[in-house]
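Working notes, structure below.
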Number of protein chains: 2
Amino acid sequence: MYVHTKLVLSLTQIDLLFWIYLSVMKKKITIKDIAKVANVSIGTVDRVIHKRGKVSEKALQKVNAALEELNYKANPLARSLKNNVIYTIAILIPDPEKDPYWLPCRKGIEEVILEYEAFDVDISVHFFDPSKPKSFVQKGMELIAKNPNAFLFVPLFERESDRLLQALSKKDIVKATFNSLPRNHVDQHVGQDLYLSGRVGAKLIYDFVQPASKIAVIHIDEAFNNAIHMQQKEEGFKSFFKEMAPGHHIHTKIVDTQHIQKTLSVFIRENQINMFFVTTSKTYEVARTLESLDMEGTIVGYDLLPENLSYLKKGGIQFLIHQAPGLQASLSLKSLVEKLLFDKESSKKQLLPIEIINSENVESYP
Amino acid sequence: MYVHTKLVLSLTQIDLLFWIYLSVMKKKITIKDIAKVANVSIGTVDRVIHKRGKVSEKALQKVNAALEELNYKANPLARSLKNNVIYTIAILIPDPEKDPYWLPCRKGIEEVILEYEAFDVDISVHFFDPSKPKSFVQKGMELIAKNPNAFLFVPLFERESDRLLQALSKKDIVKATFNSLPRNHVDQHVGQDLYLSGRVGAKLIYDFVQPASKIAVIHIDEAFNNAIHMQQKEEGFKSFFKEMAPGHHIHTKIVDTQHIQKTLSVFIRENQINMFFVTTSKTYEVARTLESLDMEGTIVGYDLLPENLSYLKKGGIQFLIHQAPGLQASLSLKSLVEKLLFDKESSKKQLLPIEIINSENVESYP
DNA sequence: TAAAAAAATGTGTACGTACACACTAAATTA
DNA sequence: TAATTTAGTGTGTACGTACACATTTTTTTA
């Protein structure tokens with residue numbers, strides 16, 4: 001009612017009829033319609049929308065009224081078409097050849113590239129050696145030097161990431177990360193709550209715990225893997241047990257892939273461990289060791305690597321927590337593209353659900 | 001190399017230079033570029049692309065060559081802009097007021113509607129009473145009579161769905177479903193593998209099974225809920241136990257919400273059941289009954305209803321299987337919109353992963 | 001060989017937005 | 001009051017595609 005009254009007062013009879021026509025017919029409101037209703041030219045409407053001044057107070061009010069009454073939304077297609085620039089996105093991730101964990105990640109990215117092939121974006125993927133922080137910085141700097149519109153990367157190393165972020169900040173390049181969250185500010189992030197993921201692992205193990213159970217958190221390759229990652233998971237894990245079974249001691253062991261079998265065997269036998277929370281995708285190493293020792297045990301670990309899946313199906317691993325690297329990559333890339341192309345805003349920080357995988361539901365994952 | 005040779009033979013010197021320029025510069029190939037390289041007008045290129053004939057053999061070959069060499073991809077934005085029709089999508093889902101299971105579904109749809117507000121689509125949501133097949137058919141027929149471009153619905157009732165699908169087939173309306181899969185053909189479907197989901201439930205329970213355990217599958221409200229749904233889950237559940245513990249007898253019980261507490265109490269006491277696989281979102285009813293009987297037990301059920309979550313956190317329910325109705329709805333609607341707007345093709349049948357929820361990872365779900 | 005018919009090709013316009021430029025009206029100055 | 005500045009407004013064009021229509025070229029027929 002209010003709406004009508006206001007219009008009757010501010011618009012002529014004919015404009016009112018046109019307004020009713022627009023509201024009744026299923027038709028998208030264009031800048032032209034606004035111009036007609038406000039009885040000005042589209043140029044004036046355009047100046048109002050973009051706040052470029054040179055508009056009389058009277059016209060401004062009429063246009064703003066029409067804009068609001070008709071709930072005008074600019075057509076993103078026409079806007080993007082007119083815009084006519086090709087956005088470049090540079091992506092830097094660990095080399096999947098060096099660590100197969102990143103394979104689904106590359107695959108996810110390639111799918112998105114194909115999906116937006118026909119649009120005005122130029123996406124390129126680059127790799128660094130996950131065991132060499134230097135290669136990360138070097139590649140990163142190279143890419144930044146080319147001034148892409150956005151830079152998406154996995155901040156595996158804290159200090160080195162800071163350097164890249166600093167370089168990026170000077171250049172007005174959109175900063176986006178996934179998998180790990182760097183200390184410094186980024187414009188967009190997709191990841192998982194690692195602390196919570198540790199608690200999930202704890203709960204899964206806790207369900208099987210007996211008074212005599214011996215529990216250990218195993219970190220593999222802490223040296224050149226993401227140390228903070230593992231720490232946060234461990235903290236989450238321990239916090240759960242502190243709440244639910246305060247008396248239960250949790251062992252912690254850091255091992256190297258080098259002599260992993262030997263080191264682990266000794267550790268397991270010495271401490272009589274029969275329940276394991278493995279904080280990395282190399283969970284299969286623990287299962288393999290247990291197998292070689294001909295021992296039974298409960299193992300909860302991370303990620304759907306082929307080796308892990310094999311043990312999951314055989315029963316050597318009870319549960320895997322899925323970090324969905326592929327989904328993380330494709331989601332972050334997609335939001336980046338849509339931000340640039342249609343300036344669609346999505347939440348800065350997106351935390352993906354922590355997915356529990358057992359021998360059965362694994363079949364439902366692609 | 002081959003590519004070059006072919007071009008040298010088929011194009012003039014100047015065209016070749018232009019081709020090199022196009023390849024080197026980061027620039028999207030337009031119909032105009034093709035016309036220039038093939039040395040014809042854009043009209044001719046257009047006729048070739050749309051196979052509208054009236055093109056000489058020579059021109060056709062030149063254009064096709066250029067199209068392929070330059071890997072032309074039509075700009076979906078310009079195409080959609082030119083197209084200039086408003087697509088209508090009618091959605092029919094069970095009334096969330098009648099069954100709260102459908103609340104996230106409505107929410108998911110509303111989010112997508114907002115997301116595409118500025119685009120040329122007109123999406124409307126309508127509800128039917130999940131306990132009244134007639135209301136489903138009636139509402140459905142009404143919507144179909146309005147000739148939307150696409151019709152997305154939850155085929156809760158088999159026979160009634162067939163009727164709607166028949167009506168749809170006559171009218172060239174895109175048919176899409178989610179949650180349940182109807183017997184007859186649809187153009188698009190998003191759902192879950194229910195048989196597998198039954199197996200997942202089985203595995204979760206199996207991990208806790210003792211020789212003395214008594215296991216039951218509980219169906220609640222089979223009468224007006226989706227009977228096939230429940231059957232498939234039960235089959236999956238039993239198939240797992242047949243494989244892993246052939247001797248173990250699985251009880252089955254169908255109960256009505258009416259006198260559920262009483263019926264269940266009797267059933268549980270008579271059969272000494274202590275492990276439950278509940279095939280519907282009313283899992284909390286079993287937990288409540290067990291609570292009132294002051295008994296302990298293992299319960300695995302479905303869906304993140306507030307009542308279920310409360311028992312999950314208290315420990316009355318061990319695991320919930322998440323059918324993600326909201327995600328199913330938004331995913332199917334999104335693909336529908338993108339299909340109409342940009343004729344982007346996505347796979348006809350999309351099966352979502354079966355997600356296992358416990359008291360911890362539930363926090364990571366929105 | 002000219003005229004007519006048919007085939008092939010090119011041109012112009014629209015979609016909705018954005019922006020440069022041209023123009024008109026009002027305000028200021030001489 | 002005329003000349004000039006300035007505020008306000010309108011017009012035209014481009015983005016890339018699609019399609020109607022106009023134009024040119026080739027083929028057929030008289």
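Source: prediction; values computed, not measured. Each chain gets a letter, A, B and so on, in the order the sequences are listed, and its residues count up from 1.
Stacking of Lys344(B) on the aromatic ring of Tyr116(A) is recorded, both the 6.0 Å distance cut-off and the 45° axial limit being met. Cation-pi contact between Lys349(B) and Phe178(B): absent, since separation from the ring centre below 6.0 Å together with deviation from the ring axis within 45° is not met.
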Measure all distances between protein nitrogen or oxygen atoms and nitrogen or oxygen atoms of nucleotides 20-23 of chain D, and list the pairs falling under 3.5 Å.
none

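A 4.5 Å side-chain heavy-atom check between Pro182(A) and Val186(A) finds at least one atom pair inside the cut-off. Using a 4.5 Å cut-off on side-chain heavy atoms (C-beta onward), Val337(A) and Ile123(A) make contact.
Under a 3.5 Å cut-off, the side chain of Thr88(B) and the backbone N or O of Asn149(B) do form a donor-acceptor pair. Here the side chain of Asn39(B) pairs no donor or acceptor atom with the backbone of Lys36(B) at under 3.5 angstrom. Side chain of Asp187(A) to backbone of Val174(A): no donor-acceptor contact under 3.5 angstrom is found. The main-chain N or O of Val40(B) is never found under 3.5 Å from a side-chain atom of Thr44(B) such that the two would form a donor-acceptor pair. Listed for the Ser56(A) side chain is a donor-acceptor partner under 3.5 Å among the backbone atoms of Ala59(A). In this structure a side-chain-to-backbone donor-acceptor pair under 3.5 Å is missing from Lys139(B) to His126(B). The backbone N or O of Gln61(A) lies less than 3.5 Å from no partner atom in the side chain of Asn64(A), so there is not a single donor-acceptor pair.
Five base pairs at each end of the helix from dT1(C)-dA30(D) to dA30(C)-dT1(D) define two local axes, and these are offset by 70° (rounded to 10°).
Residue whose closest nucleotide on DNA chain C sits further toward the 5' end, between Glu57(B) and Asp120(B): Glu57(B). Ranked by how close their nearest DNA chain D nucleotide is to the 5' end, Lys82(A) and Tyr72(B) are led by Lys82(A). Closest-nucleotide positions on DNA chain C for Ser41(B) and Asn83(B) were compared, and the one nearer the 5' end corresponds to Ser41(B).
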Can you give the donor-acceptor pairs under 3.5 Å from side chains of residues 164-173 of chain B to other protein atoms, not counting sequence neighbours?
residue	atom	partner	partner atom	Å
Ser169(B)	OG	Leu165(B)	O	3.0
Ser169(B)	OG	Lys175(B)	NZ	3.3
Lys171(B)	NZ	Ile144(B)	O	3.2
Lys171(B)	NZ	Asn147(B)	OD1	2.9

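Heavy-atom contacts of chain A under 4.0 Å fall on DNA chain C between two terminal nucleotides, which in 5' to 3' order are dC15(C) to dC19(C).
Sorted pairs that involve residues 103-114 of chain B and meet side-chain hydrogen bond (donor to acceptor under 3.5 Å, both in side chains), not counting sequence neighbours, are lacking altogether.
Residue contacts shown for Asn84(A) are limited to sugar-phosphate atoms, with no base heavy atom under 4.0 Å away.
For residues 73-81 of chain B, proximity to DNA chain D is found at Ala74(B), Asn75(B), Ala78(B), Arg79(B), defined as any non-hydrogen atom under 4.0 angstrom from a strand atom.
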